[in-house]
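Written out below as structure tokens is the structure these notes cover.
Just so you know, these numbers come straight off a predicted model, no measurement behind them. Residue numbers start from 1 in every chain, and the chains themselves are labelled A, B, ... in the order their sequence lines are given, proteins ahead of strands.
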Amino acid sequence: MEFAYYPGCSLEHTSKPYDQSVREVFKALGITLREIEDWNCCGATMYMSISKTVAYAVAARNLAIAQHMGCDICAPCNSCYTILRKANRYISWDPKVRDKIFSALKAANLTYDKQVDIRHPLDILVNDVGLDTLERRAKSYFDGLKVAPYYGCQIVRPVKHFDELDDPMTMDHLLSALGADVVPFADKVRCCGGMLMTTYEEIALDLNNELLLNAEESGAEVIATACPLCQMNLEGYQAKINEKYQTKHEMPIVYFTQLLGLALDIEASKLGMDTLVVRPKDLKLKSKDKKVAA
Amino acid sequence: MPKTLEPIKTKREAELREAFLKEVIGMPHGEKIKNCIQCGTCTGTCPVSRWMDITPRQVVALFRAGMIEEILHSRTIWICASCYACRVRCPSGIKVTETLYALKRLAIDKKIFPKRFPVHVLSEAFVSNLYKYGRNFELGLGIRYLLATNPMRLMSSAGFGLSMMKRGRLATRPTKIKKVHEVRAIIARAKELEGI
């Protein structure tokens with residue numbers, strides 16, 4: 001199995017632990033990730049507010065480069081994932097938009113005539129690798145660790161792809177297979193506010209405080225995420241939330257790939273566990289060997 | 001709707017209306033906006049509607065009433081975080097999120113913004129980073145935005161920045177891609193095609 005890897009800007013820095021853990025987990029499972037050479041920013045939601053054509057054309061440069069690599073794209077950031085898929089969709093839906101995008105690409109001597117698919121690592125791990133394989137390959141398990149699966153919004157919306165719009169279960173199943181006790185988390189696809197943390201901080205702090213309160217109420221000891229923006233808002237701003245609302249949140253926010261990596265017995269530092277702001281105290285990680293021996 | 005029933009509009013309103021409709025009706029399934037039944041599912045589903053001065057349902061109502069300029073002056077379109085919850089719940093299949101994006105583009109194009117809420121500054125700063133480096137530069141973007149909007153927040157955000165930096169999660173310098181000229185050529189050509 002081989003994918004053209006599109007890390008996206010967040011994974012270079014603020015979400016480095018996500019990048020590290022995706023690469024390590026894929027390597028351990030024998031899946032090749034070839035980074036798209038000289039990839040550029042997908043434009044995120046920002047360019048969409050200025051010009052649709054420019055937004056899609058900028059995103060499409062990455063698609064054009066990936067096409068010549070001859071494999072589908074793996075994009076871990078929910079926002080990049082949505083934008084790249086959206087550009088792809090408009091290219092096949094709307095001939096007017098397509099012609100403009102192709103013409104813009106031509107200005108850089110690029111062509112994009114054979115569509116590549118854009119996949120999320122959660123989709124690849126559960127649907128291509130499979131839960132059975134993951135369970136078999138895991139050397140350790142999370143002995144009843146209570147985890148709230150937080151998918152975020154753009155991984156399942158606006159168009160149904162690999163999981164349900166309202167109640168996705170892929171991450172639930174993955175975490176269960178690793179021995180975790182997945183708690184029912186009603187906010188699993190509720191928006192964290194994304195860039196609102198910069199533009200309207202008071203709104204985003206409120207949204208994230210609610211997410212943390214609801215996760216705590218459901219009994220979670222840790223929240224697992226699949227998106228850099230969700231992770232950053234929930235983790236990086238937890239201290240500010242505590243200060244503003246007089247709360248005592250101390251909720252570790254980890255990437256689902258970090259948990260999977262730990263279960264595969266990959267060293268914690270290689271998964272970026274040491275660069276988390278809220279470090280988990282006890283993930284109840286136990287070796288399967290001991291379980292057999294006992 | 002028969003023409004005689006349309007509300008009386010100023011020339012400016014008519015002009016904005018035409019630009020908006022061209023954008024919205026032009027996209028696939030865009031014409032479904034005509035089917036809005038004003039049920040309010042979009043507002044009910046929206047996680048941030050309680051902070052909006054005009055709710056998503058009211059956006060459609062005001063448009064129908066010929067008050068598009070009021071919409072453009074509202075904070076609503078800039079508060080939308082584009083989570084697409086409304087889009088998947090709308091019983092009439094209206095692309096609500098895309099409609100709000102179209103309004104954002106119209107607002108930027110016509111330079112109509114809510115008072116004291118210069119959110120568009122972030123879009124513009126982001127876009128300028130992309131043009132310069134080919135990638136986003138988080139620290140530069142944050143500082144530039146706060147300087148332009150609320151310099152006091154630079155102080156209250158310093159703790160967060162330092163904690164990220166200490167963990168190697170915030171770059172102090174931008175990453176520039178090798179073929180940034182390609183990105184610039186694409187942007188230039190796309191803008192030319194859009195007439196902007």
Side-chain angles (χ1 to χ4, degrees), chain A residues 9-10 12-17 38-41 43-54 56-58 60-61 90 93-94 96 100-101 103-110 153-154 157-158 165-166 189-191 193-196 198-201 203 207 236-237 239-240 274-277, chain B residues 23 26-28 47-48 51 75 78-79 81-85 87-88 95 97 101 104-105 108 119-120 122-124 126-127 129-130 134-138 141-142 145-146 153 156 159-160 163-164 167-171 175 177-183 185-191 193-194 196:
Chain A
C9 305
S10 295
E12 275 197 304
H13 302 292
T14 43
S15 307
K16 212 168 188 151
D38 210 33
W39 55 268
N40 61 271
C41 169
T45 52
M46 293 298 159
Y47 233 129
M48 210 59 86
S49 318
I50 296 194
S51 157
K52 207 157 69 172
T53 305
V54 184
Y56 293 142
V58 165
R61 176 176 174 267
Y90 273 83
W93 270 359
D94 194 332
K96 274 182 297 186
K100 283 184 188 170
I101 295 173
S103 166
L105 286 176
K106 216 174 149 196
N109 287 320
L110 290 166
C153 50
Q154 299 193 334
R157 296 194 292 258
L165 298 167
D166 282 321
V189 294
R190 191 184 161 90
C191 179
M195 285 305 282
L196 285 178
T198 307
T199 52
Y200 290 101
E201 194 184 59
I203 300 179
L207 287 176
Y237 287 87
K240 215 167 190 174
D274 50 345
T275 57
L276 292 175
V277 178
Chain B
E23 270 270 338
M27 65 192 180
V48 288
W51 286 282
R75 294 165 37 160
W78 301 106
I79 285 180
S82 72
C83 79
Y84 299 96
R87 154 84 169 77
V88 301
K95 292 184 158 182
T97 315
Y101 268 129
K104 283 179 192 161
R105 291 193 289 269
I108 285 187
V119 179
H120 60 282
L122 188 72
S123 288
E124 280 155 12
F126 189 97
V127 161
N129 272 343
L130 183 49
R135 285 190 194 164
N136 181 19
F137 173 38
E138 288 154 325
L141 180 70
Y145 177 74
L146 292 182
R153 257 185 67 199
S156 68
F160 163 75
S163 110
M164 282 288 144
R167 289 168 176 84
R169 287 171 59 182
L170 193 62
T175 317
I177 67 167
K178 279 180 263 164
K179 294 178 181 168
V180 73
H181 62 273
E182 286 191 3
V183 174
I186 290 171
I187 293 175
R189 181 85 185 104
K191 277 186 168 173
L193 291 166
E194 289 286 271
I196 49 176

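Note on A/Arg190, A/Glu201, A/Lys96, A/Met195: by heavy-atom pairs under 4.5 Å with chain B, the leading option is A/Glu201. Note: A/Pro158 leads A/Cys191, A/Pro158, A/Gly236, A/Ala107 in heavy-atom pairs under 4.5 Å with chain B. With chain A as partner, the option from B/Arg105, B/Lys104, B/Met27 having the largest number of non-hydrogen pairs under 4.5 angstrom is B/Arg105. Most heavy-atom pairs under 4.5 Å with chain B, from the set A/Asn40, A/Ile50, A/Val189: that is A/Ile50. In terms of heavy-atom pairs under 4.5 Å with chain B, the best-connected choice from A/Ala44, A/Cys153, A/Ala104, A/Gly193 is A/Ala104. Chosen from A/Cys9, A/Gly194, A/Ala239, the residue pairing most often with chain B at heavy-atom distances under 4.5 Å is A/Cys9. Residue with the most contacts toward chain A among B/Ala185, B/Ser123, B/Ser163: B/Ser123 (heavy-atom pairs, distance under 4.5 Å).
For chain B, the nearby part of A/Lys240 is the side chain; its heavy atoms alone come within less than 4.5 Å. The contact between A/Leu105 and chain B is made by backbone and side chain atoms together, counting heavy-atom distances below 4.5 Å. For B/Leu193, the parts sitting under 4.5 Å from any heavy atom of chain A are the backbone and the side chain alike. Of the atoms belonging to B/Ser82, heavy atoms from both backbone and side chain fall under 4.5 Å from chain A. Interface residue B/Arg87: only side-chain heavy atoms are found under 4.5 Å from chain A. For B/Thr97, no part lies under 4.5 angstrom from a heavy atom of chain A. Within the 4.5 angstrom heavy-atom criterion, only side-chain atoms of B/Leu141, from C-beta onward, approach chain A. For A/Asn109, no part lies near chain B; criterion is any non-hydrogen pair under 4.5 Å. Within the 4.5 angstrom heavy-atom criterion, only side-chain atoms of A/Leu165, from C-beta onward, approach chain B. Contacts between B/Ile177 and chain A at a heavy-atom distance below 4.5 Å involve backbone atoms as well as side-chain atoms.
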Original post:
For B/Ile79 and A/Tyr200, what are the C-alpha separation, side-chain angles and deciding distance, and is it a side chain to side chain contact (heavy atoms under 4.5 Å, CB included)?
Top reply: CA-CA 7 Å; B/Ile79 285 180; A/Tyr200 290 101; 3.7 Å; yes
Subject >> side chain to side chain contact (heavy atoms under 4.5 Å, CB included) evaluation trace for A/Trp39 with B/Arg135 >> reply: CA-CA 8 Å; A/Trp39 55 268; B/Arg135 285 190 194 164; 3.3 Å; yes
Original post:
Between A/Leu207 and B/Trp51, does a side chain to side chain contact (heavy atoms under 4.5 Å, CB included) hold up when you go through it step by step?
Top reply: CA-CA 11 Å; A/Leu207 287 176; B/Trp51 286 282; 4.1 Å; yes
Original post:
Please walk me through it: do B/Arg167 and A/Lys16 pass side chain to side chain contact (heavy atoms under 4.5 Å, CB included)?
Top reply: CA-CA 10 Å; B/Arg167 289 168 176 84; A/Lys16 212 168 188 151; over 6 Å; no
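Residue B/Leu130 comes nearest to A/Gly43 through the heavy atom pair CD2-CA, 4.1 Å, listed as atom of the first residue, atom of the second, then distance. The shortest heavy-atom contact between B/Thr175 and A/His13 is OG1-NE2, 3.8 Å. Minimum heavy-atom separation, B/Glu138 to B/Leu170: CB-CD1, 4.2 Å. Closest of all the heavy-atom pairs between B/Ala85 and A/Arg157 is N-NE, 3.4 Å.
Partners of B/Phe160 by ring-ring contact (aromatic ring centres under 6.0 Å, His included), not counting sequence neighbours, listed by chain and number: A/Tyr237. Scored by the side chain to side chain contact (heavy atoms under 4.5 Å, CB included) test, B/Glu182 finds A/Arg61, A/Ala108, A/Leu110, B/Lys179 as partners (sequence neighbours excluded).
Checking B/Arg189 against A/Ser103 by side-chain atom types alone, a donor-acceptor pair falls below 3.5 Å.
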